[in-house]
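Here is the naming used below: chain letters follow the sequence lines, and residue numbers restart at 1 for every chain.
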Amino acid sequence: METLSFGTILAFAVNAILIENVVLSQFMGCCPFFGVSKKSDTALGMGMAVTFIMGLASIVTYGVYQWVLIPLDLEYLETIAFILVIAALVQLVELALKKLIPALYNALGIYLPLITTNCAVLGVCLTSVQEGYNFLSSFLYSVFTALGFTLAIWIFSLIRTRIEETCDIPRAFQGFPISLIAAALLSFGFMGFNGLSF
Amino acid sequence: MWIDILKAFLALGIMGLIFGGALSIAGNVFHVKEDERKGKILAVLPGANCGGCGYAGCANYADAVVAGEAPCNKCPVAKAEGAETIASIMGAEAEEVRPMVAHIRCSGSHDIANKKYTYYGMNDCLAASRLLGGYMTCQYGCLGFGNCVKKCPQDAISIQNGVAMVDRDNCVGCGICLDACPKGVIEIIPKDSTVLVSCSNKDPGARTRVACNAGCIGCKICEKNCPEGAIRVEGNVSIIDYTKCTACGICTEKCPRHLLEFSK
């Protein structure tokens, strides 16, 4: 991907958001997907927080990989190095937001520290390194993947609210079990995008 | 090979050091000044985030106390000493908060209150109350299966001869037991109150007499004799306004049923 035309970016976006949706096709980031999808407001908040952190993390991990790990022949340390980088980054962003943009800090609330242990963030950074993306495309890939996460968690939160409000669920399926089933059906739905190819 | 291990070790170690240093610098640069009373209150609170106060965690409760939205004695774990410490942190105006305790508005123990039928069901107040409003003739009283005992985080309630009793030394007045009682016989009163009405029966006097020997018949003698106007009879049961009660004890002498307890 040397030259980024509008067409390639669009194909890239469709691929990351729909076809290889991070939650529903790759099954990464399932914890926040189930944990914070009870209300659509909080789901969107979580999605925004993930987008923000994924974008930043892709920039920083790209730098660490290119200028620290490759020169030292330490590519095999990418996983542990990225965990370190992401954890420190999230802490730093949290501190900075608390001081500089308290409104955003309060809006993101508990989700920011939760992202520290979100495997989707680490997974995206590792994937873009392993695919050999350049700086711009790894950033775009991360943002699009995060938007895919936001889309999935938002749709799922709407499904869950509707289940809670209108459906008469058998007692054994109430709460978490029916959510798992709903997630599986939603995942089937996203499988349909596999037919798209560019 | 040793060079490789050393290189990996040093690379990660130095990265960790850099990030740690950057974080500590950022911690100072971006330090947000919070109300220093919040930190002090947090130090008093247990930090277990149990939610017994009704807030999401100890930090949220501390925020609410600092903002003046929550009373100082809501933490059921920090107990009275903790409440006093928090009150002293918050300053003089908060010290006037009277510590509260739960009080069971029923004294119909097995030998005093009559029964409608013999109950063989689950050991649960809610289950028992669903069967014709409970097995007691009085449909307002304590059923004695101890749903409040199970809920109490302080182990301050016990069942004695079929009626719940509150241990005032342990009770912190958190009010969790209020929701546990299907009959609603528990009320929260000031800890230093000495005159107590231990009956919730709203039936007319004649029916109350049949049901229980310790029932308030709503005769209004206490209301008429109270020099402070602190007692009123509402729905055939007397209610004490503890902001007016001076614990003179006249009502306890005048009550024809000897119901108004005067405990020291």
Problem - Approximate separation, where rounding is to 0.5 Å, of F9(B) CZ and L74(A) CG - result: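 F9(B) CZ to L74(A) CG: 13.0 Å, rounded to 0.5 Å.
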Problem - Side chain proximity check, M15(B) to V64(A), heavy atoms < 4.5 angstrom - result: yes
With a 6.0 Å cut-off (strictly less than), is the heavy-atom count around [atom1] of [X], excluding the residue itself, greater than 12?
X       : atom1 : value
K151(B) : NZ    : no
L126(B) : CG    : yes
E164(A) : CD    : no
F173(A) : CZ    : no
K38(B)  : NZ    : yes
I3(B)   : CD1   : no

Handout entry: Contact leader toward chain A among G16(B), A8(B), A26(B), A22(B), where contacts are heavy-atom pairs under 4.5 Å
Key = A8(B)
Practice task
Quick one: closest heavy-atom pair of Y76(A) and D4(B), and the distance?
Solution key: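 Residues Y76(A) and D4(B), closest heavy atoms: OH-O, 4.2 Å.
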Handout entry: Contact summary for L95(A) and F30(B), nearest pair of heavy atoms
Key = O-CB, 3.5 Å
Exercise for the section: Check whether L100(A) gets within reach of chain B through its side chain, its backbone, both or neither, counting any heavy atom under 4.5 Å. Expected result: side chain
Exercise for the section: Go through the atoms of L92(A) and report whether side chain, backbone, both or neither lie under 4.5 Å from a heavy atom of chain B. Expected result: both
Handout entry: Flag, side chain of K7(B) to backbone of L72(A), donor-acceptor distance under 3.5 Å
Key = yes
